[in-house]
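Working notes, structure below.
Note that ligands are numbered from 1 as they come in the structure, with each ligand's atoms numbered from 1 the same way. Along the sequence shown, residues are numbered consecutively beginning with 1. Fair warning: this is a prediction, and the values are worked out from it, not measured in the lab.
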Amino acid sequence: MSVRVRFGPSPTGELHVGGLRTALFDWLFARHHGGVFILRIEDTDQKRTVPGAEDRIMQGLRWLGLDWDEGPDIGGPHAPYRQSERLPSYQAAATQLLASGHAYRCACSSERLDRIRKAKQQAKRPPGYDGHCRTLSDTEITEAIAEQGGRSVVRFKMPHEGATVVPDALRGDVVFENRLLDDHVLLKADGFPTYHLASVVDDHAMQISHVFRGDEWLPSAPRHLLLYHALGYQPPIFVHQPIILGPDKGKLSKRHGATSVLEYADRGYLPEALINFLVLLGWSKDDHTTKMSLDEIVAAFDIDRMGVTPTTFDHQRLDAMNADFLRDLTPQQFFDRARPFLDRLLPADIARPLALDPLLPLAPLIQERVKLLPEVADYVDFFLTPGPLDYANAELMGKGFRDNPAGALAAVDGAREALLAVDPWTTEGIEAALRGLAERLQLKPGVVFTPLRVAVTGKRIAPPLFETLTVLGPDRVSERLNLAAQRLARPDD
Ligand code: GLU
């Protein structure tokens, strides 16, 4: 069977973790089997359609690298790929179902539907349509529709007895009792289809072989299966993926810090880390592998290692994974990835394009220290800034020289002198000079190094001191130490 899968987002908002995982699994499955991945925009609920959402969904998929082979922007053999542009095919299917007796027209007013909903609620009966128009004769329904000013919907005629068995690739057969399913709407009064009709008609027309989707859609599956049968179509293979839980075991939501795909991009996650993280929410390569390249995932991905147990979204795990992937980059790749964030975050007085090349030797040290790309800004700003650094004298003194500017000054002056003798200017030479200074002063290295670190970086947390000094070079180091000495010689600011 040739594999054809589709991702069918509704452009009603941002693409969140659940949808993203579905898109990823679709894409991986298609790529693994050399199949086709289709993007189909399911915009039949026009009231909920948000302008711009479709573009943002596409941007998010592109950022993640999930390219599609057929879709609204690139077309394909089954165009159009936006459901609002496919209305005639849904209307034709509804007409076919009316003619074959699988569907009927319904002219119930919204007031009546409201009344039965409330009555059922009070009687603690399952909600759903009561089948009022199902038994009306042709004349009766024509009259009823005329009374409603010509408004009517098309409903599916659910069997009242028996059960519908949905074969699910992960769960096996899932049995639904038909009497619990109501005569749902297929075509709305405005001529738009409901999700059920549209997805079945399109999945058939687009020759979809497998339907991956979140298990919140499992209750809809018997409706779909009955529709396939009524229309004489061959159903696809259903793969309902397990629910994603937040750390508190409730359904994952924004309050758990789960954000949209573009926010992940914006916060400095790497797409490859997010993919590795997402794929493990419902799939595993084996019992132990937790980190994989995209090629490895594509090669190994299949349904047989997908699970049905709910998975938990663990933000710390995602951050740790991102840090791990950041460490794998070469220095050049790391700065290339960081550059857009640095361009945005670093102050305007730093010249653009940013001169990052001299900092390349430091990249591995920064890579060990950051989880997200925007954090890089804090590790490089002091190299690039043309002006004097901004810090308070208290910071220069640190804990070791608290209220002791003279002590801190002795350390800074001692360092100026010791560093003058360092030639060539290497990390080892600098280290030897400064450790020697600490010994001479009979102080712990940490105490002596704090004022030096603050003097040259403006902060207490920075890349390692000796490497930092190496990259800054003797002139800028001496300039910054001089400035610190002047400040320490002055009463506090
Ligand atoms: N449009 C549905 C959604 O946004 C897709 C469901 C399906 O894949 O069948 O979740």
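- In terms of the side-chain hydrogen bond (donor to acceptor under 3.5 Å, both in side chains) criterion, E147 has no residue partners (sequence neighbours excluded).
- Judged as a side-chain hydrogen bond (donor to acceptor under 3.5 Å, both in side chains), and not counting sequence neighbours, the contacts of H160 are R134.
- At least one side-chain heavy atom of F325 sits under 4.5 Å from a side-chain heavy atom of K291.
- Annotation: salt bridge (Lys or Arg N to Asp or Glu O under 4.0 Å) contacts involving residues 300-310, sequence neighbours excluded, comprise D287-R305.
- Taking the six-membered ring where the residue is Trp, the centroids of W27 and F212 are separated by 6.0 Å or more.
- Cation-pi contact between R155 and Y129: present, with separation from the ring centre below 6.0 Å and deviation from the ring axis of at most 45°.
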Which pairs of N or O atoms, one from ligand 1 and one from the protein, are separated by less than 3.5 Å, and what is the distance for each pair?
| residue | atom | partner | partner atom | Å |
| --- | --- | --- | --- | --- |
| ligand 1 | 1 (N) | G8 | O | 2.8 |
| ligand 1 | 1 (N) | S10 | OG | 3.0 |
| ligand 1 | 1 (N) | E42 | OE1 | 2.6 |
| ligand 1 | 4 (O) | S10 | N | 3.3 |
| ligand 1 | 4 (O) | S10 | OG | 3.2 |
| ligand 1 | 8 (O) | R6 | NH1 | 2.6 |
| ligand 1 | 9 (O) | R6 | NH2 | 3.1 |
| ligand 1 | 9 (O) | Y195 | OH | 2.5 |
| ligand 1 | 9 (O) | R213 | NH1 | 3.1 |
| ligand 1 | 10 (O) | W217 | NE1 | 3.4 |

